[in-house]
Amino acid sequence: MRFTTKLVSLVATVILVSFFTFLLTQLIPGDPVISVLGPAYNTQTEEGRAQIELVREELGLNDPFPVRYFNWAKGVFTGDLGNKIGVNSAGITTNRILKERLPVTLEIMLLTQIFALLVAIPAGILSAHKEDRFADKSVTGFSFAMLALPSFVIALILVFVFAVKLGWLPSSGYTRLTEDLSENLKSMIIPVLSLGLGLAAVYTRLLRAEMISTLKEDYILMAKAKGISSRRVLFRHALRPSSFALLTIAGINIGALIGGAVIIEQFMAIPGVGGALVQAVAEREYEVILSLVFVISMFYVVANFLVDLLYSFLDPRIRRGTSR
Amino acid sequence: MKLRISTLTRDLSKRDKVAFYVPLVWLCAVVFLSLAAPLLTMRVELKELPVVKPTTVSTTTTAPTSNTQNPGGVTNLGGGGSTTTQAPATSTTVLGTTTTAPASSGASNEVATEKRLVAVDPIIPIPGFKLKPWDRSWETVKEIPSLRIPGEGPSGDHWLGTDELGRDILSRLIWGGRVALAVGIVSVLVAMVIGGTIGMLSGYLRGRTETFLMTIAGSLLAFPSLILVIAIVAFLGQDLKNIVLAIAVVAIPSFARISYANTLAASQREYVLAARSLGASRFRVLRREILPNIFLPLSAYALVVTAVAIVAEGGLAFLGLSVPDPQPSWGSMINDGRKPLTLDGTWHISFIPAIVMFLTVLSLNLIVDRIRQIAEGKESKL
């Protein structure tokens, strides 16, 4: 029952998101025809205007709004995300852009999540275990500082130290995974660290707060009274009920990272989806922008949906429908 | 509940008070300096000045007059080739006095006058704080290239050094603070008012209003916000107004969600029931009972968004989408310093604005933390 409701709301969100994306590209000023014909095209002459009309007709831009929306939506559901229409890039399909670039962005996203969780889980547990002691204070202080550092500033510092001064890491560029694994990972270190440190700070603070309230529960006292080692109490008894909020936030961040990696991708000259999107925006490729924004939003929506499902699967209190 | 500083610092240890007041002072300084930037820094003004023939120019008056060898307005002066001859002018006062002298004598002579760019002393000259050089920040330095020493480290003349074009970093930081202020305060206020109202209405009225507004807010939240900002700015054009607008639009749904959740909780309370049974209108209940109770969490969130907005502007600058070039913003200053990063001794160009941005965001976070503690404490007392 719960599953069906969630599925219905997922479908509704998908439709709404696609509609809003479409609306957005319609509301913004500018004429896609200009990108077909090139900016130098003469729009003043009679002939020129006729040409523009022709192109508009050909691209279906003269159709009424709902028709255009349904044409695009139909394409999306049949797996055709449209293509570039510009003078120099005609025929490049969005599918091709995604096929080339999505794996790169996904790799960054995945590595960043892994890094952030690997740092945050031990740090959060330690911090909660040693509440208000030195270890906790240093973890809290450090994560506070990391929260205030924008990803591009971290990237700047890392590039300055490790690429410019020490020369250990490449300052920009990307090596494909299939070409050279170690080079690939090397080119991933700075982007992943710059995105991951802030994220790890968010996760740490969250886990710490949850753990502290869990550790005050009676069953923890019970477990301790039974003589279970504090390591076992922390990892086996306290971690699981404390990690649900973390799970939710991590899920939300799957989408946020794919979108938020734009700046770092641009900074480090990594050929990800973000770069393609910025390029499409610069070239006024409406259909490509539309489809890319839609795909990125879908990651976000679907990730949230899956986390929601996983949540009720992992937490028996929700699964059995009893109140917490 | 009125939000007073005394409520926020009550029952704080001495160390925690420092952790509260230092960020507050920093933020106040940023706001004050940005607002007062036009008063504190040297300005460039178009003034009626007599035309001086190049042959009659004496060395002391070179500074303003050599500029004038290019007749015309701002744009002509910008590309002036003759400006290399004016090396002697090094201090602000020389420029200041020499510009006023010809202006007064111009009336008595029949020498033709001409509009020219001149540097004028700051309206409020604080001793030792006369921002150098020619500091209305960005244009002037372009006019007088000989005064520029690119990539200079901190010195007496330039407290924080100069950037890759020789512009004074401190002056640019202060002017750039205005962008941060616009983005961090104006757009957040707009989003807070609109989003807050939407959330309050759907949280209190419930029913169809709730379903309708919250479904829209929910699906707008599914957009990656940065992408949305990029799209809006790229299409509307790179302009401070559009950046502010874009960030406001993106922040509205999250404000709506926060205000919605808090309204839901507040409207269950007894005092709301009491007000309603006394016959208070919906509007009155919303204004007198709900609003004061959701204001604290909403304002704490607003400060978080302020920090995010300041960072977002920086992000836009990295994509080349922030305010157009000569106008400084913290983000574009950080971005401008990226290339000189590889050279020796010029790392400060991007690190100084980065530190300023970091300190501002950190200060906001520290204060938010404190407000949250207060809000939680209040919650638990009820």
Side-chain angles (χ1 to χ4, degrees), chain A residues 9 12-21 24-25 27-30 144-145 147-157 159-160 163-165 171 252 255-264 266-267 273-275 277-278 280-282 284 286 289 292-294 296-301 304, chain B residues 19 23 215-237 249 304 307-308 310-321 330-331 334-335 337-338 341-344 347 350-351 353-366 368-369:
Chain A
S9 91
T13 318
V14 169
I15 292 172
L16 266 176
V17 166
S18 74
F19 183 73
F20 279 131
T21 329
L24 180 79
T25 43
L27 288 177
I28 36 198
F144 219 87
L147 274 186
L149 274 178
S151 60
F152 50 85
V153 171
I154 302 180
L156 199 74
I157 298 170
V159 165
F160 182 66
V164 177
K165 288 287 158 195
S171 66
I252 288 174
L257 271 175
I258 292 177
V262 179
I263 294 165
I264 294 299
Q266 202 78 350
F267 186 105
V273 178
L277 189 67
V278 172
V281 165
R284 312 262 140 144
Y286 291 77
I289 301 171
L292 287 182
V293 170
F294 181 71
I296 294 173
S297 314
M298 277 310 104
F299 268 98
Y300 196 87
V301 173
N304 280 6
Chain B
T215 316
I216 292 181
S219 47
L220 281 179
L221 275 177
F223 282 109
S225 45
L226 189 68
I227 304 282
L228 203 55
V229 173
I230 293 170
I232 297 176
V233 174
F235 281 114
L236 293 184
V249 167
V304 175
V308 173
I310 290 174
V311 171
E313 185 278 320
L316 281 178
F318 269 73
L319 302 175
L321 287 172
W330 294 349
I334 300 174
N335 191 29
R338 264 165 65 193
L341 205 62
T342 46
L343 306 171
D344 258 347
W347 57 273
S350 69
F351 275 65
I355 291 169
V356 169
M357 189 183 266
F358 166 68
L359 288 180
T360 308
V361 174
L362 185 68
S363 304
L364 284 165
N365 287 352
L366 281 168
V368 168
D369 230 37

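So you know, we letter chains A, B, ... as the sequences are listed, proteins then strands, and number each from 1. It should be emphasised that the depicted structure is a prediction, and the values quoted were computed from it without experimental measurement. In what follows, every heavy atom counts, from backbone to side chain, and hydrogens, waters and symmetry copies are set aside.
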Is it the backbone or the side chain of [X] that comes under 4.5 Å from a heavy atom of chain B, or both, or neither?
| X | answer |
| --- | --- |
| A:Thr21 | both |
| A:Tyr300 | side chain |
| A:Val153 | side chain |
| A:Ile157 | both |

- chain A contact via B:Thr360 - which portion, at a heavy-atom distance below 4.5 Å: neither
- Given that the side chain runs from C-beta out, which part of B:Asp369 has a heavy atom under 4.5 Å from chain A: side chain, backbone, both or neither?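 Only the side chain of B:Asp369 comes within 4.5 Å of chain A.
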Tell me the closest heavy-atom pair linking [X] and [Y], and the distance in Å.
| X | Y | answer |
| --- | --- | --- |
| B:Leu362 | A:Ala145 | CD1-CA, 4.3 Å |
| B:Phe318 | A:Gln266 | O-CG, 4.3 Å |
| B:Gly315 | A:Ile263 | CA-CD1, 3.2 Å |
| A:Phe152 | B:Val311 | CE2-O, 3.6 Å |

- Message: Within the structure provided, determine whether A:Leu277 and B:Ile230 are in side-chain contact (heavy-atom separation under 4.5 Å).
- Response: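 Counting from C-beta outward, A:Leu277 and B:Ile230 never come under 4.5 Å.
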- Item | Test item: A:Leu156 and B:Ser350 side chains (from C-beta on) under 4.5 Å apart, heavy atoms | yes
When rounded to the nearest 0.5 angstrom, what distance separates [atom1] in [X] from [atom2] in [Y]?
| X | Y | atom1 | atom2 | result |
| --- | --- | --- | --- | --- |
| A:Leu149 | B:Ile355 | CG | CD1 | 10.0 Å |
| A:Phe144 | B:Leu366 | CZ | CG | 4.5 Å |
| B:Leu221 | A:Ser297 | CG | OG | 11.5 Å |

